[in-house]
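The block underneath contains the structure these notes are about, expressed in structure tokens.
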Amino acid sequence: MNASHGVRNYVHRLSPVFLTSVQGLRILGGSFLFLWWFGHLPALFAWPAGWGDVLVAVLAPTVAAAIAYDSRFIHSRAFVGFHVLGLLDFAGAVGTGLIARGTFGFVASEPATSILGELPLSLIPGFAVPLWICFHLAALEQRRVMDSSNTATPA
């Protein structure tokens, strides 16, 4: 068995409750709102990134509880919607962060987002965001595998 099969098998064995509930830690993204309030981040970035993370963090326990209560919830649109919302929040945060920096030729906003390149805040875009993206993708992959195995079985 090669390494990619081993990783895939490991991901398939992870608890979907864990993969969903860990998104609750995104409440830390609310710190972007405090950093904006104190003048360290531009509103263009802090508002969508901060409130998006807070929304996902608040929804995570409810979605995780629904999975724990009834494992069939993983087949619902609400399950997919939650994980897609989490991924879209990251896309929005990256996009507004790049716009706020002036990356696309727009005027850079003040204050700059350079504080996100310094420790400890650099751990958020450098470590936490990629990890949470992997958790979202792993949960969606589990759903895909469960759906394909359910359709493969004759009725």
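Scope of the values below: all heavy atoms of this structure, side chains included, with no hydrogens, waters or symmetry mates.
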- Query: Out of curiosity, does L123 fall in the hydrophobic cluster containing F32 (side-chain heavy atoms, cut-off under 4.5 Å, transitive links)?
  - Reply: no
- Linking I/L/V/M/F/W/Y whenever their side-chain heavy atoms sit closer than 4.5 Å, directly or via other members, would F79 and V145 fall into one cluster? no
- Query: Which heavy atom in A43 sits nearest to a heavy atom in P48, and how many Å separate them?
  - Reply: O-CD, 3.7 Å
- Task: Give, for atom CG of D53 and atom OG of S31, the distance between the pair rounded to the nearest 0.5 Å.
- Result: 8.5 Å
- Where do I99 and F45 land on the side chain to side chain contact (heavy atoms under 4.5 Å, CB included) test, with the steps shown first? CA-CA 8 Å; I99 291 169; F45 167 76; over 6 Å; no
- Task: Kindly indicate whether the side chain of T113, heavy atoms from C-beta on, has any atom under 4.5 Å from the side chain of P42.
- Result: yes
- If Ile, Leu, Val, Met, Phe, Trp and Tyr residues are connected whenever their side-chain heavy atoms lie under 4.5 Å apart, and connections chain through other members, are Y10 and F18 in the same group? yes
- Note on the structure: When every non-hydrogen atom of A93 is compared with those of A49, the smallest separation belongs to CB-CB, 3.7 Å
- Item | Distance, nearest 0.5 Å, that separates CD of E118 from NE2 of H40 | 10.5 Å
- Message: If we ignore hydrogens and angles and just use 3.5 Å, is the side chain of S76 paired with the main-chain N or O of F73 as donor and acceptor?
- Response: yes
- Hey, does L87 have a side-chain heavy atom less than 4.5 Å from the side chain of L140? yes
- Query: Where is the tightest heavy-atom contact between A57 and P61, given as atom of each residue plus distance?
  - Reply: O-CD, 3.1 Å
Show every donor-acceptor pair shorter than 3.5 Å between a side-chain atom in residues 124-137 and any protein atom, with sequence neighbours excluded, or say none if there are none.
| residue | atom | partner | partner atom | Å |
| --- | --- | --- | --- | --- |
| W132 | NE1 | V22 | O | 3.4 |
| H136 | ND1 | H83 | ND1 | 2.8 |
| H136 | NE2 | Q23 | OE1 | 3.1 |
| H136 | NE2 | R26 | NH1 | 2.9 |

- Which other residues belong to the hydrophobic cluster containing L33, where Ile, Leu, Val, Met, Phe, Trp and Tyr are joined when side-chain heavy atoms lie under 4.5 Å apart, directly or via other members? I27, W36, W37, F38, W47, W51, V54, V58
- Looking only at heavy atoms, what is the nearest atom pair of P111 and G39, with distance? CG-O, 3.2 Å
- Dump the intermediate steps for side chain to side chain contact (heavy atoms under 4.5 Å, CB included) on L35 and L121, then the final yes or no. CA-CA 11 Å; L35 291 168; L121 290 177; 3.6 Å; yes
- Task: Output the distance between atom CD1 (I67) and atom CZ (R72), rounded to the nearest 0.5 Å.
- Result: 14.0 Å
- Item | Residue list, salt bridge (charged side-chain N to carboxylate O under 4.0 Å, His left out) with R144, at least two apart or on another chain | E141
- Considering only heavy atoms from C-beta outward, does the side chain of D147 approach that of I74 to under 4.5 Å? no
- Task: Could you tell me whether the side chain of D89 and the main chain of L85 form a donor-acceptor pair under 3.5 Å?
- Result: no
- Query: Nearest 0.5 Å, what's the CE-NE2 distance between M146 and H75?
  - Reply: 5.0 Å
